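Only one structure is covered here, and it is reproduced in the block below.
Computed over heavy atoms, backbone and side chain alike; hydrogens, waters and symmetry mates excluded. In this text the structure is predicted, and so the values were computed from the model without any measurement.
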Amino acid sequence: MPGTGTNDFAIKNPSALSSTYKLYGIRGLSREVTDDRHRNDYYLNCQYLIRTLSFRLQQPVTVIERDNAAFLVVPADVAFLPA
């Protein structure tokens, strides 16, 4: 039976850490739906984008929402997004 474990490391200099990110609007990814099946599709599509782009770019990527619009958050030093 597999167990669970964690690695916990203290961050001793959080004030010295910083990052800059770019936001890209995502067309066609809308959270406003009328039924649960399409709402689930929204989250599945977000996770697909995050996973695929994170692996292809070898950088952290996520999706956030602002004013009911979805945005892709990518580190500023990424030169281009793959097609």
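The salt bridge (charged side-chain N to carboxylate O under 4.0 Å, His left out) contacts involving residues 70-83 comprise nothing, where partners must be two or more places apart or lie in separate chains. Each salt bridge (charged side-chain N to carboxylate O under 4.0 Å, His left out) pair with one or both residues in residues 2-25, not counting sequence neighbours, would appear here, but there are none.
Under the rule for a side chain to side chain contact (heavy atoms under 4.5 Å, CB included), the partners of R66 that lie at least two apart in sequence or sit in another chain are L23, I64, F71. Every residue meeting the side chain to side chain contact (heavy atoms under 4.5 Å, CB included) condition with P14, not counting sequence neighbours, appears here in chain and number order: I11. Evaluation of the side-chain hydrogen bond (donor to acceptor under 3.5 Å, both in side chains) rule for E65 yields R31, Y42 as partners, not counting sequence neighbours. Checked against side chain to side chain contact (heavy atoms under 4.5 Å, CB included), A16 has the following partners two or more places apart in sequence or in another chain: N13. With sequence neighbours excluded, the residues forming a side chain to side chain contact (heavy atoms under 4.5 Å, CB included) with P60 are Y21, P75, listed by chain and number.
We find the CG-CG distance between L29 and N45 to be 6.0 Å, quoted to the nearest 0.5 Å. For the atom pair CG of L44 and CG of L49, the computed distance is 11.5 Å after rounding to the nearest 0.5 Å.
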* May I have the step-by-step check of side-chain contact (heavy atoms from CB on, under 4.5 Å) for L53 and V74, ending in yes or no? => CA-CA 9 Å; L53 290 173; V74 181; 5.9 Å; no
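No path of Ile, Leu, Val, Met, Phe, Trp and Tyr side chains, each step under 4.5 Å between heavy atoms, connects V73 with L57, placing them in separate hydrophobic clusters.
Grouped with F55 in a hydrophobic cluster is no other residue, since no side-chain heavy-atom contact under 4.5 Å to another Ile, Leu, Val, Met, Phe, Trp or Tyr is found.
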